Amino acid sequence: MKLIRFGRPSEERPGLILPDGRRIDASGFGTDYDEVFFGSGGLERLARWLARDGGTAPVVPDGVRLGPPLCRPSKIVCIGLNYRDHARETGQEVPKEPVIFFKATSAICGPNDDVVIPKGGSKLDWEVELAVVMGRRAVYVDRDEALGYVAGYLLHNDYSERAFQLERGGQWVKGKSCDTFAPLGPFLATPDELRDVHDLQLWLKVNGETKQCSSTRELVFDVPTLVSYISQFMTLLPGDIISTGTPPGVGLGHRPPRYLAAGDEVDLGIDGLGSARQRVRAGGFTAM
Ligand code: ZN
């Protein structure tokens, strides 16, 4: 299944993309795609609802805004330097263990929402990433069983303000967490929608020029390793997101570095997980 949410910010409703591409309103299913949904067999119930009632569900109108395809989860765990070439590009060693850091969940927005340059920001950068959504509570999970804990996958642009991240002291979270820095989607794909999550092309363009183009074959630590690894340090809750890291070609890696400016357009996509477009806007983020 391909799960979407649509409507105005904070008022999104659940929906689905059917195999023929039609988008239907799943409000009739009765619950949104949140922690309780993922943690209580919601995907199985949704599949049954779809088989029974999907044919008569209202169609989502063209032009309606897409929101993030799941409700705000308890956490976004990001992985740093998880593509061999990207580690080289940033001048850092390929890590011996996964590098993990947090991104505030208030950064989450819809896949095609504007990305906003924060006040005082000057080094806005892009990072196309495969993100994993947890389907079960995961604590001390063995690698062999880890994929059984995954609800699905989605496209994520792990936006970063490099000056905040690298020049202001402390942890990376500072440069990763501004509002609009985590556009998710267009949709959440359940694992059966993907032939092989470790063989997906991912790409990103700025103003039509290709900046990132790689494959999840290049991951240093694969999805089951990451799920198992993180679960040794914290409980992953249903709906939690693991963003698996970015391939080479970020602005920081350009010589000289190339950062985003107001008016730039960023397009990105992953095989089987759709594509998204964000326009860069200046002015700092405001309360929604
Ligand atoms: Zn990242």
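Starting from 1, each residue takes its place in the sequence as its number. Below, all heavy atoms of this structure are taken into account, side chains as well, without hydrogens, waters or symmetry copies. Counting starts at 1 for both ligands and their atoms, in listed order. These numbers were taken from a predicted model, which means no experiment stands behind them.
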Modelled atom types, side-chain donor and acceptor of D240 and S74, under 3.5 Å: yes
Would [X] and [Y] pass as an ion pair if we require N to O under 4.0 Å?
X    : Y    : answer
K174 : E161 : no
R277 : D267 : yes
R143 : D222 : yes

F38 and Y33 aromatic ring geometry - parallel, tilted or perpendicular at 30°/60° bounds: tilted
Give me the ring orientation class for Y159 and F181: parallel if the planes are under 30° apart, tilted from 30 to 60°, perpendicular past 60°. tilted
Closer than 2.8 Å to the Zn ion (ligand 1) - protein N, O or S atoms, ordered by chain and residue number: E127 OE1, E129 OE2, D158 OD2
